[in-house]
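Lettering follows sequence order; numbering is per chain, from 1. Computed from a predicted model, the values in this text were never measured in an experiment.
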2 protein chains.
Amino acid sequence: MLREHNLKVTPQRLGILSILEDTGHISIEELFTFIRKDFSSISIATLYKNINFMLEVNILKEVKIPNSKSKYEISKDEHSHMVCRKCQKLEDITLCLDGVIEHASEKSGYSFDENALVLSGVCPQCQLA
Amino acid sequence: MLREHNLKVTPQRLGILSILEDTGHISIEELFTFIRKDFSSISIATLYKNINFMLEVNILKEVKIPNSKSKYEISKDEHSHMVCRKCQKLEDITLCLDGVIEHASEKSGYSFDENALVLSGVCPQCQLA
DNA sequence: AGGTAAATAATAAAAATTATCCTTTAGAAA
DNA sequence: TTTCTAAAGGATAATTTTTATTATTTACCT
Ligand SMILES: [Mn+2]
Ligand SMILES: [Mn+2]
Ligand SMILES: [Zn+2]
Ligand SMILES: [Zn+2]
């Protein structure tokens, strides 16, 4: 992935990507905490720079979540997100939005090529309590 | 609105709300620029505090937009947003998401009570150029 | 009109992000 | 392999964004 976008393959970058693979979605500060276990002297600037690079070339995606900090994920097929207001967990869900987007396009005249949907509620586990 | 939530009605707050009424959606920095025309000595801290107060009591809503800063709006009926990547304009659109949300709920077990959808693309005006 | 809790302004502090600059290194070329 | 160099990392400063503190002012209740 890195090579495809002319980014050098450094241990730090591999470490960042590895954590992203494991966690799925993670905030900057969490990521910094994790990465320091493997690279105790990594600079926070290095982390920010790399996140930004990878966002620019679309290796990563930022997920903006209502009432909390952004999380980052490795780009994959288009999908939406669900966030639990009790336990804060963030999960993927694949939905077909074609109909609504088509409708929105007709109604507004916009031509859309991206969408970001975050559904907020309570996850199954937290509903029990 | 303010009184309903036990917030004192101050000229500064009225000014902020008036700008929000006029602009529809606005970022913090834009809002600060505007409000200073009417209240040249207003403190940025006052602005942040008031925005946060009004968010807490749901007088305002924050709209998180991919690749740009959040904008704020006066709460109104549930609706989605469209952002033009050429001219950056942000517009409302009312869509029926009941179907997809119902489907998401069944598929995941979540119970949802809020959604945030932002569609990105090119607005009709910018398509001409 | 007077009293008081809440709001404002000014400012400091904290948190988040970016810039600078020197050192190190990945990867290409010899 | 070794050498070379642009790119990347680390340390740290600087900016930017947001929140906290505190003294002063004010909305609003009595
Ligand atoms: Mn995801
Ligand atoms: Mn809106
Ligand atoms: Zn939960
Ligand atoms: Zn446009």
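No more than 12 heavy-atom neighbours from other residues, nucleotides or ligands sit within 6.0 angstrom of CG on A:Asn67.
With rounding to whole Å, A:Ile28 atom CD1 is found 16 Å from D:dT17 atom P. The nearest whole Å value for the distance from the NZ atom in B:Lys49 to the P atom in C:dT11 is 15 Å. At whole-Å resolution of the value, CZ in A:Phe39 and C1' in D:dA8 are 13 Å apart. In this structure, A:Phe53 atom CZ and D:dG9 atom C1' are separated by 11 Å, rounded to whole Å. Atom CG of A:Leu14 and atom P of D:dA8 are 13 Å apart (whole Å). Between B:Arg36 atom CZ and C:dT8 atom P there is a gap of 16 Å when expressed in whole angstrom units. Spacing between atom CD of A:Glu30 and atom P of C:dA16 amounts to 12 Å, rounded to whole angstrom units. Distance B:Ile44 CD1 to C:dA12 P: 17 Å, rounded to the nearest Å.
In terms of position along DNA chain C, the nucleotide closest to B:Arg13 lies nearer the 5' end than the nucleotide closest to the other residue of the pair B:Ala45 and B:Arg13. Between B:Lys8 and B:Thr46, the residue anchored nearer the 5' end of DNA chain C, judged by the nucleotide with its closest heavy atom, is B:Lys8.
In this model, the phosphate group of C:dT17 is not approached by any side-chain N or O of A:Asn52 to a distance below 4.0 Å at OP1 or OP2. Taking 4.0 angstrom as the limit, B:Thr10 places a side-chain polar atom (N or O) nearer than this to OP1 or OP2 of C:dT8. Contact between the side-chain N/O atoms of A:Asn6 and the OP1/OP2 oxygens of C:dG27 is not found at any separation under 4.0 Å. Residue B:Tyr48 places at least one side-chain N or O closer than 4.0 Å to OP1 or OP2 of D:dT18. Residue B:Lys69 places at least one side-chain N or O under 4.0 Å from the OP1 or OP2 atom of D:dT17.
The side chain to side chain contact (heavy atoms under 4.5 Å, CB included) test with A:Ile74 singles out one residue from A:His25, A:Lys61, A:Glu21, and that residue is A:Glu21.
A donor-acceptor pair under 3.5 Å links the side-chain atoms of A:Gln127 to the main chain of B:Gly109, judged by distance alone.
At a threshold of 4.0 angstrom between heavy atoms, the contacts of B:Ile42 are confined to the sugar-phosphate backbone, with no base atom among them. Across all strands, B:Gln12 comes closer than 4.0 Å only to sugar-phosphate atoms, never to a base (heavy-atom distances).
Of the candidate nucleotides C:dA10, C:dT8, D:dA11, D:dA11 has the atom lying nearest to any side-chain atom of A:Ser41.
Using bins of under 30°, 30° to 60° and over 60° for the plane-to-plane angle, the ring pair A:Phe112/A:Tyr110 lands in the parallel bin.
Note on A:Ile93: it does not cluster hydrophobically with A:Val122, by side-chain heavy-atom contacts below 4.5 Å among ILVMFWY residues.
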